[in-house]
Amino acid sequence: MLPLELRGLVRHMEWADALIWESVLALPQAHSDTRMRECLHHLHLVQWAYLQIWREEPTDLPEVSTFQDLPAIHAWVREYYSQAPVYLDSLGAETLERSHTAYHRGQVNTRLRELGGDPPLVDFIAWIWMGKPGAEWGDPPAT
């Protein structure tokens, strides 16, 4: 069973990613922005890479060019969040000591601002102040 502290960090990570995606998908110019697409791909590529490494699987990570559009990347991200918590719940204390995470949401938020968007507040402390809300993924708008 995942320790409560780590469970909270995973819930925060999903919540923050969902907020980032809500802002990105709502900004029309983000859909055609190559840098935004690359930042989002990289953010989630790292998450998938760690999951595959932790599960001792061969790293099989798709290139950004394999995704038709941002909604396709969004679907890939949601798949991660259906798999990662299940795996993390199966870990013992000795495995958890090897864990490591990366932060790339800042790059996406910076690009959102550069494109004229309004980046969401996704700090861990803000999540706690807000009562630790669950992620609200929603569906991407039709293109």
Side-chain angles (χ1 to χ4, degrees), residues 1-91 95-143:
M1 183 70 133
L2 198 58
L4 288 177
E5 297 83 12
L6 188 53
R7 182 181 305 279
L9 290 173
V10 171
R11 285 188 58 226
H12 168 260
M13 186 171 78
E14 182 177 12
W15 170 83
D17 284 347
L19 276 179
I20 291 286
W21 273 98
E22 181 180 19
S23 295
V24 167
L25 292 171
L27 188 66
Q29 56 269 41
H31 288 262
S32 60
D33 186 74
T34 301
R35 186 163 169 218
M36 177 62 75
R37 184 183 174 112
E38 289 170 351
C39 284
L40 286 164
H41 174 261
H42 181 74
L43 185 164
H44 300 298
L45 187 79
V46 171
Q47 291 171 338
W48 273 107
Y50 275 106
L51 183 59
Q52 290 174 0
I53 290 165
W54 291 335
R55 294 193 294 199
E56 298 180 0
E57 299 172 348
T59 49
D60 181 22
L61 303 168
E63 297 288 329
V64 68
S65 61
T66 63
F67 295 98
Q68 181 180 2
D69 51 19
L70 287 181
I73 297 174
H74 182 264
W76 178 57
V77 173
R78 293 193 60 186
E79 182 183 342
Y80 170 83
Y81 281 112
S82 71
Q83 293 183 30
V86 173
Y87 170 72
L88 291 172
D89 271 341
S90 74
L91 298 179
T95 306
L96 290 173
E97 291 174 6
R98 297 185 292 135
S99 298
H100 180 76
T101 189
Y103 179 77
H104 294 286
R105 285 182 210 95
Q107 292 172 313
V108 175
N109 266 350
T110 298
R111 191 63 184 149
L112 270 169
R113 188 172 310 284
E114 291 170 353
L115 291 172
D118 187 22
L121 177 62
V122 295
D123 292 343
F124 184 72
I125 193 70
W127 179 69
I128 292 171
W129 287 334
M130 292 175 194
K132 300 180 182 177
E136 295 180 21
W137 285 98
D139 293 319
T143 55

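One is the number of the first residue; the rest follow in order along the sequence. Both backbone and side-chain heavy atoms feed into the values below; hydrogens, waters and symmetry mates do not. Source: prediction; values computed, not measured.
- Not a single donor-acceptor pair under 3.5 Å links the side chain of Arg111 to the backbone N or O of Ala30.
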Please report, to 0.1 Å, the donor-acceptor pairs under 3.5 Å made by any side chain of residues 20-27, with sequence neighbours excluded.
from  : atom 1 : to    : atom 2 : distance (Å)
Trp21 : NE1    : His44 : NE2    : 2.9
Ser23 : OG     : Leu19 : O      : 3.4

**Prompt:** Run the side chain to side chain contact (heavy atoms under 4.5 Å, CB included) check on Thr34 and Val64 step by step: do they pass?
**Reply:** CA-CA 10 Å; Thr34 301; Val64 68; over 6 Å; no
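- The CG atom of Leu61 sits 12.0 Å away from the CD atom of Gln47 when rounded to the nearest 0.5 Å.
- The CG atom of Asp33 lies 4.5 Å from the CG atom of Leu115; values are rounded to the nearest 0.5 Å.
- The shortest non-hydrogen separation linking Val122 to Arg105 is CG2-CD, 4.4 Å.
- Side-chain contact annotation: Tyr80 with Asp17, donor-acceptor N/O pair under 3.5 Å absent.
- Side chain of His41 to backbone of Pro62: a donor-acceptor contact under 3.5 angstrom is found.
- Nearest heavy-atom pair, His74 versus Gly138, reported as atom, atom and distance to 0.1 Å: CE1-O, 3.6 Å.
- Met36 has its side chain within reach of Leu112: a pair of non-hydrogen atoms, C-beta onward, lies under 4.5 Å apart.
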**Message:** Between Asp69 and His31, does the side chain to side chain contact (heavy atoms under 4.5 Å, CB included) criterion hold? Intermediate values first, please.
**Reply:** CA-CA 7 Å; Asp69 51 19; His31 288 262; over 6 Å; no
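- Side-chain atoms of Arg11 come within 3.5 Å of backbone atoms of Lys132 as a donor-acceptor pair (strictly under, hydrogens ignored).
- When the salt bridge (charged side-chain N to carboxylate O under 4.0 Å, His left out) test is applied to Glu57, the partners found at least two apart in sequence or on another chain are Arg55.
- Side chains of Leu9 and Trp127 form no contact here, defined as non-hydrogen atoms less than 4.5 Å apart.
- Put simply, the side chain of Arg35 does not reach to within 4.5 Å of the side chain of Gln107, judged on heavy atoms.
- Judged as a salt bridge (Lys or Arg N to Asp or Glu O under 4.0 Å), the pairs with a partner in residues 134-143 (not counting sequence neighbours) are, in order, Arg78-Asp139.
- Of the inter-residue distances, the one linking Asp118 atom CG with Asn109 atom CG reads 9.0 Å to the nearest 0.5 angstrom.
- When all heavy atoms of Trp137 and Val77 are compared, the pair lying nearest together is CH2-CG1, 3.5 Å.
- Between Met13 and Tyr81, the shortest heavy-atom distance links the atoms CG-OH, 3.1 Å.
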